[in-house]
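Notes follow the structure.
This one's a predicted model, so the numbers in the text were calculated from it and none came from an experiment.
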Amino acid sequence: MYGFINSCLQSLVIERFGQVTWDKLSTLAGVQDTFMTYTVYDDILTLSLVKEACSLLDVPADVLLKLFGEHFFLFCKQAGYDTMLRTLGGNLIEFIGNLDALHSYLALSYQEMNAPSFRVEMTDDGKMLLHYYSDRKGLYHIVPGIMEAVAREFFDSKVTMVVLNQSEEDERTGKKEHVVFLVKQTNQAGKTRDQHNSSHRWVGESLLRTMRDRYNGLRVASLTLLEWVCLIYFPGSLQCTFSPCYPNKLWMEEKAFCNAFPFHIVFDEDLKVRQTGVNIQKFVPGLQARDATLDQYFTIIHPQVTFTIRSIRKFINSQFVLKSYKDKHTTLKLRGQMVWMESLGCMLYLCSPKLRNLQELQDVGLHLSDLAQHDVTRDLVLLNQQRLAEMELTNQLERKKEELRILSQHLEAEKHKTETLLYAMLPRHIANQLKDGKSVKAGDFEVCTILFSDVVTFTNICAACEPIHIVHMLNSMYSKFDRLTNIHDIYKVETIGDAYMVVGGVPVPTETHSHRVANFALGMRIAAREVTNPVTGKPIQIRVGLHTGPVLAGVVGEKMPRYCLFGDTVNTASRMESHGLPDHIHLSSSTYSELKDAGFNIQERGQIEVKGKGQMTTYFLLGNLLVSEDSIMGRKVGGTGLYREDLQKEYINYMDKSIWPHLLILEFRCPNQTTGV
């Protein structure tokens, strides 16, 4: 199938079920995101899409295919085929009868198109049967969807279709499917076609009696079909009737006829050739042989019926395409209509060469002069030559568009990687300012909490181990620490060797900066116990120091910019770490003041001498009495936030999603009752 069909299916899924559903479906079926209109795709791909769509949407295949049929009709209208479809016929029967001709025309552009075939049959009791022939099995449910949409949009009527018979088609060659539908059409007044026909038959019989009485049986019995239609729809008026006038003899010479229609063929019930046009004699001279039969030189391509008069007469309203057997590496295709001549017992095949472009004209060995002046094939070949050039240009544009789309996706992916790396180095809002080319001014932060940590006896470990073992140890430890920064929403400033530095309250100020850093420190100590010392094989030990105070923060450098902190608070936090004890979290008095009433278990260390600071009273953080270890480590799935800001966000989201809609409904129902809510 051409990409046009797959694009229609994609449009249906996106329009009815959303883009997310199509993304899932295309992934399951293993197909690309877009389809080229003029590119041929394997039927297996389309059938796979339908199968996966039924499974994903939990919809039966017949329902989905009927839905596709309705959407396909609308999709064709939107694609510019609206006017072409409207001109196929003035009623549903004429519309269906000309579908094969439309497919034959489209095949000039879509050369690989393998379209289904349609035939309408009216039974003796006035019922309408639609015969559907296709090379693809199981897709006949599309037909009711298309026909219902056509009847609704073009003829302001409603159609119901019931499958009467489904079988292998014995009249057509190859593996074909033949489905017969019973079609009931209801007009706007509510009458079905059968009721409409029966009422017309009653009116016709009444008029026939009236006319016989009025004209004593003269001419009434020989009224034409068109006259009867006018009598039925416009009773009492004969002005709209039309009677064709035929000559007593055909005023045309045999020679003139053969020259005027140079590609016609007349053959009898035994397929014996009786007459041919002058040009077909030139290209298929064997037809002039005595007792030559048409099936010796031609085979029927469309409709794919057996080469017998009975089969041809059954599809007499179809456009017939015949292909000659190869002769000197050339093949001639003819396209035209069959006309049965009852009095002669012969069939007239009035046809022209089937050509798509000038190249095919040359390949067959024809020239434009070989085509009759009145034959529109001359104009069609020239117009289609231009049309094919436009299609090729459109196809190239679609390919370029698809290439650009893929490149855009790759560019977006690379951009995402770059931004992820940039955001790992700098705070998001700082990085965005730098990307926009803006200068970033240094900012004062009145209060924040800074943490430093290092590995105990790191120098000895480095001296006793291979460098790669040190790298693996630090990578394991820092990966666990980085995860904790996301859990407690604090900013990682930098790592130098075994030193790890984070800050809470910078670059986004928060009231719970000390609580976040304290819980992070408790999590660090737990995580460090999961990292093995490559020398001893035992868990490593870390020292942690915290201090709270003001800082100045800003971006430093151009070649490799970093977001750095400046001030005495940084120095004091570093002293807390260096003067701490292994596997302990050392707090300054300012940090202690922030945490003492927040449920943390803190032990006073007393006064110690701190380099550059003199005597300082410090403390050890032992744990958090209000929060579990799983919460600190982020192991709880679906747990609530640990901090006031997070709880407020969750509360607001909860109110927006659940509480407020109910309150609004309640207020709407009881507008005068303002109490109790």
Nearest atoms (heavy-atom pairs only) where [X] meets [Y]:
{"X": "Ala53", "Y": "Leu25", "result": "N-CD1, 3.3 Å"}
{"X": "Ile146", "Y": "Gly69", "result": "CG1-O, 3.3 Å"}
{"X": "Tyr478", "Y": "Gly497", "result": "OH-O, 2.5 Å"}
{"X": "Pro561", "Y": "Leu426", "result": "O-CD2, 3.9 Å"}
{"X": "Leu65", "Y": "Gly138", "result": "CD1-O, 3.4 Å"}
{"X": "Val531", "Y": "Met477", "result": "CG2-CA, 3.9 Å"}

Nearest 0.5 Å, what's the [atom1]-[atom2] distance between [X] and [Y]?
{"X": "Ser631", "Y": "Leu522", "atom1": "OG", "atom2": "CG", "result": "12.5 Å"}
{"X": "Lys611", "Y": "Asn571", "atom1": "NZ", "atom2": "CG", "result": "11.5 Å"}
{"X": "Met576", "Y": "Leu587", "atom1": "CE", "atom2": "CG", "result": "9.0 Å"}
{"X": "Asp82", "Y": "Glu153", "atom1": "CG", "atom2": "CD", "result": "9.0 Å"}
{"X": "Leu9", "Y": "Leu67", "atom1": "CG", "atom2": "CG", "result": "10.0 Å"}
{"X": "His584", "Y": "Gln603", "atom1": "NE2", "atom2": "CD", "result": "7.0 Å"}

Just wondering, do [Y] and [X] contact through their side chains at under 4.5 Å, heavy atoms?
{"X": "Arg399", "Y": "Gln396", "result": "yes"}
{"X": "His469", "Y": "Ile461", "result": "no"}
{"X": "Lys415", "Y": "Glu412", "result": "yes"}
{"X": "Val555", "Y": "Gln433", "result": "no"}
{"X": "His141", "Y": "Leu64", "result": "no"}
{"X": "Arg516", "Y": "Thr510", "result": "yes"}
{"X": "Phe452", "Y": "Val570", "result": "yes"}
{"X": "Asp568", "Y": "Lys613", "result": "yes"}

Legend entry - Within 45° cone of Phe620 ring axis and under 6.0 Å: Arg605 NZ or CZ: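 Not flagged: Arg605 not positioned over aromatic ring of Phe620.
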For [X], I'd like to know if atom [atom1] has over 12 heavy atoms of other residues, nucleotides or ligands within 6.0 Å.
{"X": "Leu625", "atom1": "CG", "value": "yes"}
{"X": "Gln615", "atom1": "CD", "value": "yes"}
{"X": "Glu609", "atom1": "CD", "value": "yes"}
{"X": "Lys51", "atom1": "NZ", "value": "no"}
{"X": "Arg562", "atom1": "CZ", "value": "yes"}
{"X": "Lys77", "atom1": "NZ", "value": "yes"}

Inset, instruction - Could you please spell out the steps behind the side-chain contact (heavy atoms from CB on, under 4.5 Å) verdict for Ile542 and Phe481? - result: CA-CA 12 Å; Ile542 60 173; Phe481 292 173; 4.3 Å; yes
I'd like to know if the side chain of [X] and the backbone of [Y] have a donor-acceptor N/O pair within less than 3.5 Å.
{"X": "Thr591", "Y": "Thr548", "result": "yes"}
{"X": "Ser578", "Y": "Arg575", "result": "yes"}
{"X": "His547", "Y": "Thr569", "result": "no"}
{"X": "Ser479", "Y": "Asn475", "result": "yes"}
{"X": "Asp498", "Y": "Phe458", "result": "no"}
{"X": "Thr420", "Y": "His416", "result": "yes"}
{"X": "Ser11", "Y": "Ser7", "result": "no"}
{"X": "Arg543", "Y": "His586", "result": "no"}

Inset, instruction - Please work out whether the ring planes of Tyr619 and Tyr592 are parallel, tilted or perpendicular, with thresholds of 30° and 60°. - result: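 The rings of Tyr619 and Tyr592 lie parallel, inter-plane angle below 30°.
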Inset, instruction - Name the orientation class of the two ring planes belonging to Phe4 and Tyr81 (parallel below 30°, tilted from 30 to 60°, perpendicular beyond 60°). - result: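 Rings of Phe4 and Tyr81: perpendicular, as their planes differ by over 60°.
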Legend entry - Ion pair Arg405/Glu402, N-O distance below 4.0 Å: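 Yes, this pair counts.
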Legend entry - Phe520/Thr485 under side-chain contact (heavy atoms from CB on, under 4.5 Å): CA gap, chis, key distance, verdict: CA-CA 7 Å; Phe520 173 77; Thr485 60; 3.6 Å; yes
Inset, instruction - Start with the C-alpha distance between His513 and Val517, add both sets of side-chain angles, then the distance that settles side-chain contact (heavy atoms from CB on, under 4.5 Å), and finish with yes or no. - result: CA-CA 6 Å; His513 56 88; Val517 176; 5.5 Å; no
Inset, instruction - For the pair Asn6 and Gln10, evaluate side chain to side chain donor-acceptor pair (under 3.5 Å) and give the outcome as yes or no after the intermediate values. - result: CA-CA 6 Å; Asn6 295 328; Gln10 179 183 9; over 6 Å; no
Legend entry - Full working for side-chain contact (heavy atoms from CB on, under 4.5 Å) between Leu565 and Met501: CA-CA 10 Å; Leu565 307 181; Met501 178 183 177; 3.8 Å; yes
